[in-house]
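Worksheet: one structure, shown below.
Chain identifiers are assigned alphabetically (A, B, ...) following the order of the sequence lines, protein sequences preceding nucleic acid strands; residue numbering begins at 1 within each chain.
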Protein chains: 2
Amino acid sequence: MADATTPAPPRTRPARPARAQRREEILRAATRVFGSKGYHAGSLVDVAEQVGITHAGVLHHFGSKDKLLWEVLEYRDRVDVEHLEGKHIPGGLDLFRHLVKTARINADRRGIVQAYSVLTGESVTDGHPAAPWVTQRFTGLRADIAQALREVVDERVAAGGEDGFEIPDADLDRAASAVIGVMDGLQVQWLLDPEAVDLADTTAFAIEAILAATLAGAQRARPLA
Amino acid sequence: MADATTPAPPRTRPARPARAQRREEILRAATRVFGSKGYHAGSLVDVAEQVGITHAGVLHHFGSKDKLLWEVLEYRDRVDVEHLEGKHIPGGLDLFRHLVKTARINADRRGIVQAYSVLTGESVTDGHPAAPWVTQRFTGLRADIAQALREVVDERVAAGGEDGFEIPDADLDRAASAVIGVMDGLQVQWLLDPEAVDLADTTAFAIEAILAATLAGAQRARPLA
DNA sequence: CGGGACTTACTAACTGGTAAGTAAGTGTGG
DNA sequence: CCACACTTACTTACCAGTTAGTAAGTCCCG
């Protein structure tokens, strides 16, 4: 990387700031294109003309379409994280408040919801390049939510008198999957028919229901099991 | 068409039974292809070679790719309906038992689940030809589930003493959307990572949770609202 | 003057769709 | 029972458009 003769070569602050800017511009365009048309149907030409260059120009920066998708996903992760800058992802009941709040905010950000839903849906096709990313994302989310749930349960047991029973990890995982599932599923319904589904409200209701059922624990009736 | 001299021409029972068979063969192949690769990524050539003909042969039967997709969806509806032949779609609590049972069966029918998930996910892209079908399907399902929920509520009120409160329609719609959402969302997670999610069990849990929350009605706490 | 950011030009593969031709089957009149 | 007319189920061949990717050249900034 660095020139051997110069100990602190000026190239470490590597010249063209334009390059990083350009790349980000392309990433944003690609997010829009893949988000609205999907990865397969969205072409490099579509992306390129949104930033006013040719598709070969895009490939100059990213090498291949697959790599571009990868960087788009990575970029989303980066942006989402720095969005809650410093304040780490909340735990306990706060996590669920955060999820509901996100749903509420998302109801005004159709594009982002669509991008997420499209990519997630497309990822279950055979050999889709986004599948690993989506899978990993689900795994992480499930762990986070299960952990927050555990905290809520412990807290409640410590405070109230209702101790004596333990909630098995399997129940927490189940609840976590259900929370993620209902959020994603509602987004799809909402995208297709915004009049018919109140995204924020329904998400809140469903999460509360799952939360309550989990806290009620093993003694609850299981009429369907 | 018919000869003017013959009042009831025998052509009303029109010859070739082979045609219908061939079409069905193609429809099944198309279901597999669109189900595994999606509508956009799945080509007519893929479909054609699964039945041992050329893509022009497929077009001879269906006219265009869009029409083929339409017939595939229609075909799914037809097959699904005649699957519960006679016994109409159940109401009340039986509907929820039916949904859970379906989830349990689906855990052994990966292909069908994938087809459904792929098409649903892809349908939220701009101008997708399957969007109307998916939207309509959601609308119908929501109505069915809300109706069944109403029956469960009424039944419970009539039997137990806990009368006096009414559950607004909005609450039922919310619950219905949530039920559909969680089923779809769990399918996607399960497809991507079958080890991590127990489809039947988690679906049962989530539906029970939503059911319980709805029945508990307005007096329940809404910690997140 | 060097190198990065492109563009132009191209390729090879593939797309859905069309047109025309062929082989086989069906129905009918004699 | 056969010949003719017609239909169906394709195939082959082709089209125009689009795709991702490559190679080579040009321009401009530092």
Side-chain angles (χ1 to χ4, degrees), chain A residues 1-3 5-6 9-27 29-30 33-34 37-72 122 127-130, chain B residues 1-6 8-27 29-30 33-34 37-72 122 127-130:
Chain A
M1 305 253 188
D3 186 339
T5 62
T6 58
R11 283 230 242 75
T12 47
R13 185 84 243 12
R16 300 286 210 301
R19 160 148 237 246
Q21 279 177 23
R22 211 33 157 179
R23 282 176 57 97
E24 208 173 313
E25 226 178 312
I26 296 172
L27 285 176
V33 170
F34 294 159
K37 307 174 121 191
Y39 171 70
H40 223 100
S43 71
L44 293 178
V45 175
D46 292 333
V47 175
E49 71 189 18
Q50 283 213 23
V51 295
I53 60 176
T54 64
H55 89 283
V58 173
L59 285 170
H60 165 71
H61 282 286
F62 292 95
S64 79
K65 196 188 180 186
D66 270 41
K67 283 184 199 150
L68 174 60
L69 174 64
W70 253 101
E71 296 228 35
V72 164
E122 202 178 358
H128 195 281
Chain B
M1 302 269 182
D3 187 342
T5 61
T6 58
R11 285 229 242 73
T12 48
R13 185 83 231 41
R16 298 285 210 305
R19 159 151 228 203
Q21 280 177 23
R22 205 45 154 170
R23 281 177 59 97
E24 208 173 312
E25 225 179 313
I26 296 172
L27 285 176
V33 169
F34 293 159
K37 306 173 114 187
Y39 171 71
H40 223 102
S43 71
L44 292 178
V45 175
D46 293 332
V47 175
E49 70 189 19
Q50 284 214 21
V51 294
I53 59 175
T54 63
H55 89 282
V58 174
L59 286 170
H60 164 72
H61 282 286
F62 292 96
S64 77
K65 196 188 180 187
D66 269 41
K67 283 183 199 152
L68 174 59
L69 173 65
W70 253 103
E71 295 227 35
V72 164
E122 202 178 358
H128 195 282

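One can place CG of A:D66 at 12 Å from C1' of D:dG21, the figure rounded to the nearest angstrom. Taking atom CZ of residue A:F34 and atom C1' of nucleotide D:dA20, one finds them 11 Å apart after rounding to whole Å. Atom P of nucleotide C:dA24 and atom CZ of B:R19 are separated by 20 Å, given to the nearest angstrom. A straight line from CD of A:E49 to C1' of C:dT7 spans 16 Å, rounded to a whole angstrom. Regarding B:K37, its NZ atom lies at a distance of 11 Å from the C1' atom of C:dC14, rounded to whole Å. Atom CD of B:E25 and atom C1' of D:dA9 are 13 Å apart (whole Å). Rounding to whole angstrom units, NE2 of residue A:H61 and C1' of D:dA20 are separated by 17 Å.
Using a 4.0 Å cut-off, some side-chain N or O of A:H60 falls inside it from OP1 or OP2 of C:dA5. A sub-4.0 Å separation between OP1 or OP2 of D:dC10 and a side-chain N or O of B:R22 is present.
Among residue pairs with one or both ends in residues 51-62 of chain A, none qualify as side-chain hydrogen bond (donor to acceptor under 3.5 Å, both in side chains); sequence neighbours excluded. Applying the salt bridge (charged side-chain N to carboxylate O under 4.0 Å, His left out) test to pairs two or more places apart or on separate chains, those with a residue in residues 55-72 of chain B are B:R23-B:E71.
When all heavy atoms of B:L27 and B:L68 are compared, the closest pair comes out as CD2-CD1, 4.0 Å. B:A41 and B:D46 get closest at one heavy-atom pair: O-OD2, 4.2 Å.
The side chain to side chain contact (heavy atoms under 4.5 Å, CB included) search around A:A29 returns A:R32, A:V47, A:Q50, A:V51, not counting sequence neighbours. In this view, A:S64 satisfies the side-chain hydrogen bond (donor to acceptor under 3.5 Å, both in side chains) rule with no residue, not counting sequence neighbours. Not counting sequence neighbours, the partners of B:F34 by the ring pair (Phe, Tyr, Trp, His ring centres under 6.0 Å) test are B:Y39.
Comparing C:dG17, C:dA5, C:dT7 by their closest approach to the side chain of A:I53 singles out C:dT7.
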Polar-atom pairs under 3.5 Å, protein N or O versus N or O of nucleotides 12-19 of chain D: list them with distances, or write none.
| residue | atom | partner | partner atom | Å |
| --- | --- | --- | --- | --- |
| D:dT19 | OP1 | A:S43 | OG | 3.1 |

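Across all strands shown, A:L59 has heavy atoms under 4.0 Å from base atoms, whether or not it also approaches the sugar-phosphate.
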